[in-house]
Structures are given as structure tokens and as C-alpha cells.
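Contents: one structure, followed by commentary.
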Amino acid sequence: MTTSENIKKLLKSIPKTDKILQTLPIDIPSGFKLRLCRRVLDNLRHSILAGRLTDIDALSLESVAQMVHKELEKAMSPSLKPVINATGVVVHTNLGRSLLPEELFKSMFEIAVNYSNLEYDLELGKRGSRYSHVEEILCELTGAESALVVNNNAAAVLISLETLAKGKEVIVSRGELVEIGGSFRIPDVMARSGAILREVGATNRTHLADYERAIGDNTALLMKVHQSNFAIVGFTLSVPMMELKALGKRHDLPVIEDLGSGNLIDLRPYGFIHEPTVKESLDAGADLVSFSGDKMLGGPQAGIIVGKKELVDKIKKNPLNRAVRIDKLTLAGLEGTLRIYRDPDKALSRIPTLKMLSMPLEETRQRAEHLLEAIRTTGVNTLKIGTCETISRVGGGALPLQDLRSTAVTLELPATQDEAHSLIAVLERALRLGDPPVIVRIEDDKILLDVRTIKTEQFPIVAGCIKKAMATIGRV
Ligand SMILES: *Cc1c(COP(=O)(O)O)cnc(C)c1O
């Protein structure tokens, strides 16, 4: 048979649409089923014409119906779904950054399904402020005069600059012109805000005199930006907030700071490198500080702006605010998270991000043993499993130099060295495509499951996923 004859034959054997439709559940909208069916059949035709599909058995009603069922299953389940983070990166931006405390679920749910006093002053019986629900507690926790929350910290920086420095110069050290990733770069955000960036100093060293020399008639602000995801080491110098504030005061210029992650509590007692807290930055004289809600603070995605009332009021009145405003569910989550901070010790045990960050090495050792046991219990015996010490990361572009000593469970596939490399990647993929997906790291042809970022109640689930993944790759 010639190739074209064979192709004709294959095309002819594709099952009829109505035959396939009969195999699908009746409670699914028929238009949707039809579109899905046609898509699968179209793909089959393409594969046949391109010579990728040559096996006629793959075109039986049974196998094609199975394909459509699989597509249907995929289409019917949510695209956004929980995954298990076994990477040890605590604030993992690609995996949703911070986990909210489960205790907030009820209050967030109540706000979701009911009307609320979102922008309604119950006392006065008239329009109120969306920000009122978190302003007081933010001021309480940071010592600020006034506060405002927006969509995220990128928006907070943008609106602060647009309000206070449009058409004017903002002086920033060359060592602080950071790119966060996801296209957030200080020079670009500055340009979009209409403010004019005035870089001073050198990459490694900036002196107070550099700022002073750059001050002119068109200067609007002095700005500090947290270096976040990188560090300059060696021969370095930066100007502390206190000195910058003194300079600002002499020239009647506000000083603002983009703190990036924005810690509310000092984590030094838990072995952390010193990071100025929001309060410390304000105490040192910053007139305005902005930071993220979902980095080390451990709340929902939000941008928080705190500082002098006069400046915050100006930002509140900026019409751009409407475009970057915070949603009510987020607000409920943020208010709940902030309330937990009233008791800093409780914050460490009740806010998942802080709990994971402050987890001692010894605890990770014990948890790794538990996970190991859970995996053993499933009876997979074609895997070599063990534990090893590893390093977790804070993530979210915060504290790049902070090593968090942790423990990982390791998975190895018995194979020759040549094989091991590709086999472990196949297992990693099977875990990633599992239900739920388990996201892991590979090091030296081993899979590492860092227990720091896995919830204890997920251990049996992870164990089950490993067993399923081994079956998927035919290794049981
Ligand atoms: C993370 C970060 C931002 C952006 O914050 P988002 O909340 O992600 O928008 C801005 N500036 C600095 C210094 C950061 O670290």
C-alpha cells in the first residue's frame, strides 16, 4: 500500500462524531462536548496527514473516546489548582508566594458571599473608606501616621512616584536600581510614573555627597530601594536612611523607601540576617515606605504604603488609585493576617510563611523522617530513598544570602549513570503532572523533597503521588 493510500485509509477509520458523543456523560452541555470532540478529531487528522499517526488501532472508537474523555476531564477541572511545594523556596512567586493562615478562611468566606461595609461607614450611615479596615492596624504595627493599600508593591511604587514626583526628579543610588523579575525594574517603573530618574553614585558605593550634589530645583524626592534579590559585597558603601533623612530635611525633600519584602518583625532571634523592619525604616526617618503583602509578611498579594499623613492623603486622592485598588477578599485576608501580628510569638506559629521560615534544622530532620516513613508505607521498593541536609531559600527576591539549613528526602532510581540523568527527569515530570502536582528539585541525579515547605498533613499525599508517578513511568 502506498503512503497516500494508507493515509486515506487512516482518515476513513476516524470514528464518527456522533458515535463518540454517545459515550460522553449526558449532563455536560452538548455544544461544549461537540467542540471538544471536533478538536480531538481535527488533531487526529493533522497527525495522520503529518505522518505522525500510522497505527490504525489508535483510531478505534474505544481509544478515540478515551482521548476525548481525557480532554473532557482536563477541561472540567479548574486550571488554577493547589500544588505541593517541595522545592524549599518559601516565598515561591511561581507557586503563589505566601499561604494564608487557614484560620482566615471563615472570615474571607463571609466577606465573599455577603454584602459588607467595604466602603460604608456604619457609624455615619454613609460612604466610608476601603482602607479604613486595615489603616489603624497598619499604623499600630509600624508606628506610621497613615496607611494605604493597593494591588501589589509594584503598584504602590508606581502610584507613589506618580503622585509625588511626576515630571520631577527622583534621586536613587546606582546600587539600588534593581530588577525584581517579571519585568519590574525601578528605572522602567520610574519612567512609567512620569518621574525622572536621577542616578547617583557608583554601583558599589554611593556617598551622601552624591545625593547632595544631585539636588536641584526640579528634585521631588530622595528614594531608597531595597536590593532584595542581589547583594553587593566587598568595597561597598550606601547611605543609611537616617543620614538621607537629615539631607532631605535640609532641602525640604521627602525621603521614600521601597522596602520590597517588608518585615513587620525582627527575625534575628531565629538566625536571620538583619533586615530593617518597616518600623525601623520609619523610625529612621522615611516619610513613606512601601512593601509587599505576600512576601515575608505572609499575607495576600497587596502593596502597602505607610508614612506621613500628608503624603499618604495625596496618594489616596490620586485617580490612578482606582486602577490599582485592592479587592475585598484580599482586604479581608490582609486584615486577618495583620491582626495575628499583634502577638509576634503567635505570628511565628500561625502565619505559614513565618512558620516555615523560622523552622529549626532539627524540626526539618524529624519531619523528613516522617515523610520517609510515609513513602516506605506505600510499599514502593524500586526507589532508593534517604534523607540529606539541604538549603532552603526565602524566595520572593528577599534575603538572597540567607541560607536556611533544612532536610530533604531524596529519591534515586537504580540505573546506570548514563540512564539516571534522564530517568530522574522523567520521574520529576511525572510528579509535576500528577494529581496533585508535586514540584521538586533535582540535584546530582536525585530528586530532593525539601520538607520545610510541605505541610505535615500532605506527607501521605506526597507519598501516594510518588507511588503513582512510579507507576506512570512503569517502574513499580
Ligand atoms: C518584590 C519587590 C517589588 C514588587 O512587589 P510586588 O508586590 O511583587 O509587586 C518591588 N520592589 C522591591 C524592592 C521588591 O523586592
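Just so you know, ligand 1 is whichever comes first in the structure, and atom 1 is the first atom listed for that ligand. Source: prediction; values computed, not measured.
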note = Under 4.0 Å between heavy atoms, the region of Gln301 that gets near ligand 1 turns out to be neither
query = Which residue and non-hydrogen atom of the protein lie closest to atom 14 (C) of ligand 1, and at what distance in Å?
reply = Lys295 NZ, 3.0 Å
ask   = Closer than 4.0 angstrom: is that true for some heavy atom of Asp258 and an atom of ligand 1?
value = yes
query = What part of Arg97, side chain, backbone, both or neither, has a heavy atom within less than 4.0 angstrom of ligand 1?
reply = side chain
query = Thr87 and Asn85: which non-hydrogen atoms are nearest, and at how many Å?
reply = OG1-OD1, 2.5 Å
query = Do the side-chain N and O atoms of His207 and Glu212 include a donor-acceptor pair separated by under 3.5 angstrom?
reply = no
query = What part of Ser228 sits under 4.0 Å from ligand 1 if we count only heavy atoms: the side chain, the backbone, both or neither?
reply = side chain
inquiry  = Among all the protein's non-hydrogen atoms, which is closest to atom 9 (O) of ligand 1, and how far away is it?
reply    = Ala154 N, 2.8 Å
inquiry  = Using a 4.0 Å cutoff against the non-hydrogen atoms of His226, which atoms of ligand 1 qualify?
reply    = 13 (C)
inquiry  = Check whether Phe459 forms a cation-pi arrangement with Arg367 (NZ or CZ under 6.0 Å from the six-membered ring centre, at most 45° off the ring normal).
reply    = no
query = Do you know the tightest heavy-atom contact between Ile265 and Ala347?
reply = CD1-CB, 4.5 Å
message = Check whether Ser358 reaches the backbone of Leu354 with its side chain - one donor and one acceptor, N or O, closer than 3.5 Å.
response = yes
query = Hey, is Asn153 touching ligand 1 through its side chain, its backbone, both or neither, going by heavy atoms under 4.0 Å?
reply = both
request  = Just need the protein heavy atom nearest to atom 7 (O) of ligand 1, so name the residue and atom and give the distance.
outcome  = Ser292 OG, 2.6 Å
message = For a quick check under 3.5 Å, do Glu119 and Ser129 share a side-chain donor-acceptor pair by atom type?
response = no
Heavy-atom pair with the smallest gap, counting every atom of Met190 and Ile196 = CG-C, 4.3 Å
